[in-house]
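In what follows, residues are counted from 1 in the order of the sequence shown.
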Amino acid sequence: VLLREVQALTLHRGQYTTSRRTAAVPQLQCTGGTAGCSHVPEVVQCYNKGWDGYDVQWQCKADLENTYRFGRIEVSCEGYDYPDDPYILRGSCSLMFRLELTEEGERKVKNSGSFGSGYYQSRKDSSDAGAGAVVVIVLLVLAFGVYKFFLSNQQPQQSFGDSDGFTRPFWQSQQAPPPPGFKASFT
């Protein structure tokens with residue numbers, strides 16, 4: 001088939017090209033872009049919009065959400081007898097493309113942060129501003145409780161009325177023996 005006479009191509013995700021001289025490749029190949037490759041369409045149709053004297057100028061369309069658009073596109077077909085043959089093998093064409101965000105898509109990504117979850121965004125919008133204050137108050141109360149619990153046990157306590165009549169610090173009033181070299185007569 002003469003490439004210039006091809007009026008339209010229909011390419012499918014997950015299907016491979018027909019090949020004669022080279023290895024088959026996927027009909028749709030995403031190469032990145034601001035939207036990434038997670039939303040590759042099922043079907044893309046490319047239309048011949050004219051010949052520039054060197055190559056066919058293609059316009060490709062797909063059922064994409066309003067937040068995505070095609071960026072750079074490149075239709076490649078296998079030459080029938082040699083690489084630059086103007087006659088191509090039927091079914092050998094593939095589309096390499098970049099998937100870009102539209103202005104609407106960029107706004108959505110900017111508003112929802114880097115995670116981009118629609119569910120997360122809707123939940124965040126519906127929550128009231130007081131929820132954050134409640135969480136802070138609960139955390140402060142917990143921190144105060146932990147502070148009081150640990151400080152009340154670490155304050156030095158003195159025991160009165162030991163058998164030898166001396167008042168000793170809290171650490172000495174326990175059952176543990178005095179440190180090595182300690183003589184009770186020096187207190």
Side-chain angles (χ1 to χ4, degrees), residues 1-139 142:
V1 177
L2 187 61
L3 179 60
R4 290 191 331 203
E5 293 179 0
V6 174
Q7 294 303 307
L9 296 170
T10 302
L11 307 164
H12 301 271
R13 183 175 72 186
Q15 291 187 11
Y16 284 79
T17 59
T18 304
S19 62
R20 178 172 180 247
R21 295 180 306 101
T22 62
V25 296
Q27 290 182 2
L28 296 176
Q29 301 175 58
C30 179
T31 60
T34 56
C37 292
S38 60
H39 298 284
V40 174
E42 286 289 325
V43 179
V44 176
Q45 288 189 318
C46 295
Y47 302 96
N48 182 336
K49 290 298 190 179
W51 175 259
D52 67 0
Y54 175 72
D55 204 358
V56 174
Q57 301 300 301
W58 298 97
Q59 179 185 27
C60 296
K61 296 182 178 183
D63 187 20
L64 293 170
E65 294 178 23
N66 293 340
T67 53
Y68 306 108
R69 66 174 178 81
F70 284 118
R72 182 170 185 235
I73 60 169
E74 182 180 337
V75 174
S76 299
C77 303
E78 183 180 326
Y80 193 79
D81 284 326
Y82 52 92
D84 290 327
D85 191 344
Y87 288 90
I88 60 161
L89 179 64
R90 183 175 184 263
S92 69
C93 295
S94 67
L95 173 67
M96 292 179 64
F97 61 93
R98 292 177 55 88
L99 205 54
E100 307 290 346
L101 290 171
T102 61
E103 287 182 20
E104 180 182 343
E106 288 174 359
R107 278 195 305 274
K108 281 187 178 182
V109 167
K110 185 175 153 183
N111 290 340
S112 66
S114 60
F115 298 105
S117 167
Y119 174 76
Y120 173 75
Q121 183 65 26
S122 66
R123 297 292 300 153
K124 188 173 90 171
D125 289 345
S126 65
S127 66
D128 57 311
V134 170
V135 169
V136 170
I137 290 171
V138 169
L139 289 175
L142 284 173

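Proximity of L28 to V44: side-chain heavy atoms (C-beta onward) are separated by under 4.5 Å at one or more points. Annotation: side chain of V56 is not in contact with side chain of V6 (no heavy-atom distance under 4.5 Å). Looking at Y87 and L3, their side chains never come closer than 4.5 Å, going by heavy atoms from C-beta outward. Here the side chains of V109 and T34 are not in contact, with every heavy-atom distance at 4.5 Å or above. Side-chain contact between Y80 and I88 is absent, with no heavy-atom pair separated by less than 4.5 Å.
Of the possible donor and acceptor atoms, none in the side chain of D63 sits under 3.5 Å from a partner among the backbone N and O of P41. No donor-acceptor pair closer than 3.5 Å links the side chain of R20 to the backbone N or O of E78. Judged by distance alone, the side chain of T17 and the main-chain N or O of Q27 form no donor-acceptor pair under 3.5 Å.
Note that NZ of K108 and CG of L101 are 11.0 Å apart. Values are rounded to the nearest 0.5 Å. Taking CH2 of W51 as the start and CZ of R4 as the end, the distance is 5.0 Å to the nearest 0.5 Å. For the atom pair E106 CD and N111 CG, the distance stands at 12.0 Å (nearest 0.5 Å). Of the inter-residue distances, the one linking E65 atom CD with T102 atom OG1 reads 10.0 Å to the nearest 0.5 angstrom. Of the inter-residue distances, the one linking K110 atom NZ with E103 atom CD reads 11.5 Å to the nearest 0.5 angstrom. The CG atom of D52 sits 4.5 Å away from atom CD of Q57, with the distance rounded to the nearest 0.5 Å.
A search for salt bridge (charged side-chain N to carboxylate O under 4.0 Å, His left out) contacts involving R13 returns E42, not counting sequence neighbours. Looking at residues two or more places apart in sequence or on another chain, you find a salt bridge (charged side-chain N to carboxylate O under 4.0 Å, His left out) between R98 and E100.
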Is there a side-chain hydrogen bond (donor to acceptor under 3.5 Å, both in side chains) between Q45 and T10 once you walk through the steps?
CA-CA 5 Å; Q45 288 189 318; T10 302; 3.2 Å; yes
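C46 and V75 get closest at one heavy-atom pair: SG-CG2, 4.4 Å. The two residues L9 and W58 come nearest to each other via the heavy atoms CD1-CH2, 3.8 Å. When all heavy atoms are compared, the tightest approach of D85 to G79 is CB-CA, 3.9 Å. In this structure, P26 and S94 approach most closely via the heavy-atom pair O-CB, 3.4 Å. Pairing each heavy atom of C30 with each of G36, the nearest pair is SG-O, 3.9 Å. The shortest non-hydrogen separation linking V43 to H12 is CG2-ND1, 3.5 Å.
Within a 6.0 Å radius of CZ in R21, more than 12 heavy atoms belonging to other residues, nucleotides or ligands are found.
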